[in-house]
There are 2 protein chains.
Amino acid sequence: MVIGKPVRDRRAERHEATKEEILDAAWDIARTEGLAAVSLRDIATRVGMRPPSLYTYFDSKLAIYDAMFAQGAQQFADAEPWDELTGDVRHDLALMFRTFIGFCAEDQARYQLLFQRTIPGFEPSPESFAISQASLGRVVEQLERYGVTDPRSIDLFTALGTGLASQQLSNEPGGDRWIRLIDDATEMYLHHMETTNQRATAKGRAAR
Amino acid sequence: MVIGKPVRDRRAERHEATKEEILDAAWDIARTEGLAAVSLRDIATRVGMRPPSLYTYFDSKLAIYDAMFAQGAQQFADAEPWDELTGDVRHDLALMFRTFIGFCAEDQARYQLLFQRTIPGFEPSPESFAISQASLGRVVEQLERYGVTDPRSIDLFTALGTGLASQQLSNEPGGDRWIRLIDDATEMYLHHMETTNQRATAKGRAAR
DNA sequence: CAGGTTTTCCTATCACCATTCGGACTTTAC
DNA sequence: GTAAAGTCCGAATGGTGATAGGAAAACCTG
């Protein structure tokens, strides 16, 4: 018989598992009732506890939001399509737009938590914020590989992305209307790249 | 001495004045503490009442939000620059973007109420919603005068507008960086118009 | 001006919310 | 076995929006 892990780890493991369970319940409520409707009572009910017991795992309700933010930011990082880039600017730009907007549309509550700052007292902690910033940084790096170095052009890219996302979210899901909208946006931004930047060409091979 | 209005009107007038006073207090709180931090208690304190007395003027807290929404939508309609259009597409598009973004940046709480749907149970009433829709309709009409009739191109326009707005809101106010960003966006959208639509020309005289 | 009616505003109360405190009970460490 | 650490709960606090019922004021009508 193999010697098990030190007992101390078992306890820490269970602690982490319970935290996950709490966050899962919180996400569940956020997705069905809305992000702002998440209450400690409801969370506690779902995990079979009383509200004060949650404070064993999180310092406050805002700390729960922060942990959710960190999870969402990590999912955002995992969703980025770095391994699907081909080096064709047109293809890659459309893919980046589509990935970002698809990610936003996938979960309205997550989108609201990550990209709209709307929960009254909530500000992501520096650690959580760093996760989301790293993802955006990788996007900027990718843009720079295509010759987009002007800050204004980068702003324009993110503005287009967030605009498309909010546009998509206010429409009914499904349908391919928004996919063609993204293609239009890609085409439009490509021309902007070609007229304002030097190295950008429609057939550049700058990927990775 | 002129015969005054019937006394009944005096009472109705005062009722309306008090409603205005309540809404002013609500806006004040929304701008300083945040839209979600508006509480009946704070409103009541500012207007010198007890919280239940507010129910004489509004059916619920959400009704107050709805009245604020209607006010904001009306301000949006009033802000539209129809009398400053010149007929030059480049100038007019930039002006429309700038007006919209300026309006959004002017008051974060108003922007959040009008364009981000983030208050838990709040949905604007049909009457209030109609006010905001009418403004957007006039923008679409204006676009059509420039030959933009494709729904996707219209979506692209609004996406660009909302994206620029959220971009502007997340940056520090002041500075002319965002003005030049708008010029870039205008230039970019102009090219999109020229390549996808027929009648659009950089010097069209379609205004009003 | 006297009557009843409507409007306004209040106190008291309820249900729900996040949070704190202190204690009981279980698990782990030595 | 005993001390320490971790877990969970009941009770209580102060905040929220909302309702009920009553007192006072304003108003309209005879």
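Source: prediction; values computed, not measured. Atom set for the values below is all heavy atoms of this structure, side chains included, hydrogens, waters and symmetry mates excluded.
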Subject >> Closest to the A:K61 side chain, choosing from C:dA18, D:dC9, C:dC9 >> reply: C:dA18
Original post:
Roughly how many Å is it from CD in A:E21 to C1' in D:dT7, rounded to a whole number?
Top reply: 14 Å
**OP:** To the nearest Å, give me how far apart CD1 (A:I22) and P (D:dT7) are.
**Re:** 10 Å
Original post:
Picking from C:dC17, D:dT16, D:dA5, which would you name as closest to the side chain of A:R11?
Top reply: D:dA5
Subject >> Ring centers of B:F97, B:F157 separated by less than 6.0 Å >> reply: yes
Original post:
Rounding to a whole Å, what distance do you find between B:L54:CG and D:dT16:P?
Top reply: 13 Å
Original post:
Does the ring of B:F103 carry B:R98 above it, NZ/CZ under 6.0 angstrom from centre and within 45° of its axis?
Top reply: no
Original post:
Side chain of B:Y55: nearest nucleotide among D:dG6, D:dG17, C:dC9?
Top reply: D:dG17
Subject >> Atom pair distance, as rounded to whole Å: CZ in B:F58 and P in D:dA18 >> reply: 13 Å
Subject >> Output field: ring centroids B:F115/B:F76 closer than 6.0 Å >> reply: yes
**OP:** Report which part of the nucleic acid A:V47 touches: base, sugar-phosphate, or nothing (heavy-atom distance under 4.0 Å, all strands).
**Re:** nothing
Subject >> Whole angstrom value for the distance that separates P of D:dA20 from CG of B:D59 >> reply: 13 Å
Subject >> Distance-only donor-acceptor check, side chains A:W27 and A:Q71, under 3.5 Å >> reply: yes
Original post:
Between A:I43 (CD1) and C:dC17 (C1'), how many Å, whole number?
Top reply: 12 Å
Subject >> Below 4.0 Å: OP1/OP2 of D:dT16 and any side-chain N or O of B:S39 >> reply: yes
Subject >> Any A:R14 side-chain N or O less than 4.0 Å from OP1/OP2 of D:dC8 >> reply: no
Subject >> Length of the CE-P vector between B:M49 and D:dA25, whole Å >> reply: 16 Å
**OP:** Could you tell me the separation between the CD atom of B:E16 and the P atom of C:dT8, rounded to a whole number of Å?
**Re:** 10 Å
Original post:
So what does B:T18 touch, heavy atoms closer than 4.0 Å: a base, only the sugar-phosphate, or nothing?
Top reply: nothing
**OP:** Would you indicate which nucleotide in D:dT16, C:dT28, D:dA18 comes nearest to any side-chain atom of B:L40?
**Re:** D:dA18
Original post:
Can you find a side chain N or O atom of B:H15 that sits less than 4.0 Å from OP1 or OP2 on C:dT7?
Top reply: no
**OP:** Identify which nucleotide among D:dG10, C:dA18, C:dT19 has an atom closest to any side-chain atom of A:P51, counting heavy atoms from C-beta outward.
**Re:** C:dT19
Original post:
Between the side chain of A:D92 and the main-chain N/O of A:L85, is any donor-acceptor distance below 3.5 Å?
Top reply: no
Original post:
Judged by atom type as modelled, is there a donor-acceptor pair below 3.5 Å linking the side chain of A:Y65 to the main-chain atoms of A:L35?
Top reply: yes
Subject >> C:dT11 OP1/OP2 closer than 4.0 Å to side-chain N/O of B:R50 >> reply: yes
**OP:** Could you check whether B:P52 gets within reach of a base, just the sugar-phosphate, or nothing at all, counting any heavy atom under 4.0 Å?
**Re:** base
Original post:
Counting any heavy atom closer than 4.0 Å, what does A:S53 reach on the DNA or RNA strands: base, sugar-phosphate only, or nothing?
Top reply: base
Original post:
Which part of the nucleic acid, if any, lies within contact of B:Y57, taking any heavy atom under 4.0 Å across all strands shown: a base, the sugar-phosphate backbone alone, or nothing?
Top reply: sugar-phosphate
